[in-house]
Amino acid sequence: MSQRNVGTLDIERIRSDFPILEREFDDQQVVYLDNAATTQTPDPVIDAMSDYYRYTNSNVHRGIHHLSQEASEAYERAHDRVAEFIGASGGREEVIFTKNTTESENLVAYSWGLNELGPGDEVVLTEMEHHASLVTWQQIAHETGAEVKYIQIDEDGRLDMDHARECITDDTAILSAVHVSNTLGTVNPVAKLTEIAHKHGALSFIDGAQAVPNRPVDVEEIDADFYAFSGHKMAGPTGIGVLYGKKQLLEEMEPYLYGGGMIRKVTFEDSTWADLPWKFEPGTPPIAEAVGLEAAIDYLEEIGMERVQAHEEELAEYAYEQLKAEGDVEIYGPEPGPDRSGLVGFNLESVHAHDLASIMNDHTVAVRAGDHCTQPLHDKLGVAASARASFYVYNTREEIDKLIDAIDDARQLFA
Ligand code: 7TS
């Protein structure tokens, strides 16, 4: 990639790395504003993965032959690269590759939660949790007799921190909080929440699926015990997610998936486990995806995570202002500022979110409509669904103008 502009992003250069953005439907170029669901993949990531399949493909776990050694090295190195990217000083031992954020949540819930929780224990979530965390902890609580509590949100879609202090008590075993809400765009004070949890001897699990893609994240600054995210939301491939965990905790935890690759010694009677992180990575892992994730990190770091964040915040602010100026659009989440990320959830008064998304699709504007896997939060907002525009490094103000045109069209059609 060429040298980028300092301060702002060289958007044309970046867009040229994403061939999919040139796609047209009905002679209109696609306007992709569904990045919170999944981001697009730049050429360097696609190339890294296709080169892997062309020239290196082999199974890992340190086979004797050259190809397996090369594949193993690439796979292991990707763990180091992720550790460095999120500030995990324990290196690869603190980075487990999973399928996605959801699996990372399940790993901790089953491996730690099922063994550690019992009646009298409390799991504290927020009202803005994604189902990945909410449903998972709910089920573990049902199975163990633990109780789930929710930190409320205020009218602006921020966490009520006084309520957080009430909810987190000495009975709290774990706090599981979303770093950035995929529905409200709220950026939560996860370091503060973690500090409160730790004061009460509880662990903290942070869902960073919507944070790691668009802002610098340092898991040790947050002091999170666990932190999870997905490759496909950060210019990387599907099929790979990350669970960061503090080494000592991971060492103490039992695996919850068993099989080859995660063992040290197996007899007919019993088995012992491999070292971290392999203890939690049974079977053939996502090797090409790990190579792709490393390439995605290289790509984002070359742009600079501060600039990724600044670009998204600028677009979110522009979208927020434009939507507000419409007069009949209800916008969810905080006003633009440091605690709002690069996505905007909204509803047009007279039009159902699904109809709105369908009209937008007629304009080749891709947004998401639905409950965004936050049904209880939508219940609280008093709506069944919302529309959501979410931005990434390649989006422009002109694309937001097209979103607004589509809204104007929808209003006329349904008037
Ligand atoms: N946590 C948050 C905050 C998310 O936004 C998502 C996905 C997940 C967890 C689960 O990630 P996965 O990679 O395991 O699927 N969110 C969305 C969304 O907002 N629209 O589609 C997926």
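First listed ligand is number 1; within each ligand, the first listed atom is number 1. Just so it is clear, the structure is predicted and the values come from calculations on it, not from any experiment. The basis for the numbers below is simple: all heavy atoms, side chains too, and nothing from hydrogens, waters or symmetry mates. Residue indices begin at 1 and follow the sequence shown.
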### Task
Taking side chain to side chain contact (heavy atoms under 4.5 Å, CB included) as the test, write out the residues that go with T172, two or more places apart.
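E122, V124, I168, T169, A202.
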### Query
So, for M234 and L300, which heavy atoms are closest and what is the spacing to 0.1 Å?
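Of all heavy-atom pairs spanning M234 and L300, the closest is O-CD1, 3.5 Å.
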### Pairs involving residues 350-374, ordered by first then second residue, that meet salt bridge (Lys or Arg N to Asp or Glu O under 4.0 Å) (sequence neighbours left out)
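For residues 350-374: D34-R368.
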### Query
With a distance cut-off below 6.0 Å to the six-membered ring centre and an angular limit of 45° from the axis, does R397 pair with Y318 as a cation-pi contact?
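Yes, R397 lies over the aromatic ring of Y318.
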Once you restrict both partners to nitrogen or oxygen, which atoms of ligand 1 have a protein partner under 3.5 Å, and how far apart are they?
| unit_1 | atom_1 | unit_2 | atom_2 | d |
| --- | --- | --- | --- | --- |
| ligand 1 | 1 (N) | D207 | OD1 | 3.2 |
| ligand 1 | 1 (N) | D207 | OD2 | 2.5 |
| ligand 1 | 5 (O) | Q210 | NE2 | 2.7 |
| ligand 1 | 13 (O) | S230 | OG | 2.6 |
| ligand 1 | 13 (O) | H232 | NE2 | 2.7 |
| ligand 1 | 14 (O) | T101 | N | 3.3 |
| ligand 1 | 14 (O) | T102 | N | 2.9 |
| ligand 1 | 14 (O) | T102 | OG1 | 2.6 |
| ligand 1 | 16 (N) | H130 | NE2 | 3.3 |
| ligand 1 | 16 (N) | K233 | NZ | 3.0 |
| ligand 1 | 19 (O) | N182 | ND2 | 2.8 |
| ligand 1 | 19 (O) | R388 | NH1 | 2.6 |
| ligand 1 | 19 (O) | R388 | NH2 | 3.2 |
| ligand 1 | 20 (N) | R388 | NH2 | 3.2 |

### Message
Whether K402 and E398 form a salt bridge (side-chain N of Lys/Arg under 4.0 Å from carboxylate O of Asp/Glu) is what I want to check.
### Response
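Judged by the 4.0 Å cut-off on N to carboxylate O distance, E398 and K402 do not form a salt bridge.
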Donor-acceptor contacts under 3.5 Å from residues 110-119 side chains, at least two apart:
| unit_1 | atom_1 | unit_2 | atom_2 | d |
| --- | --- | --- | --- | --- |
| S111 | OG | E254 | O | 2.1 |
| N115 | ND2 | S111 | O | 2.8 |

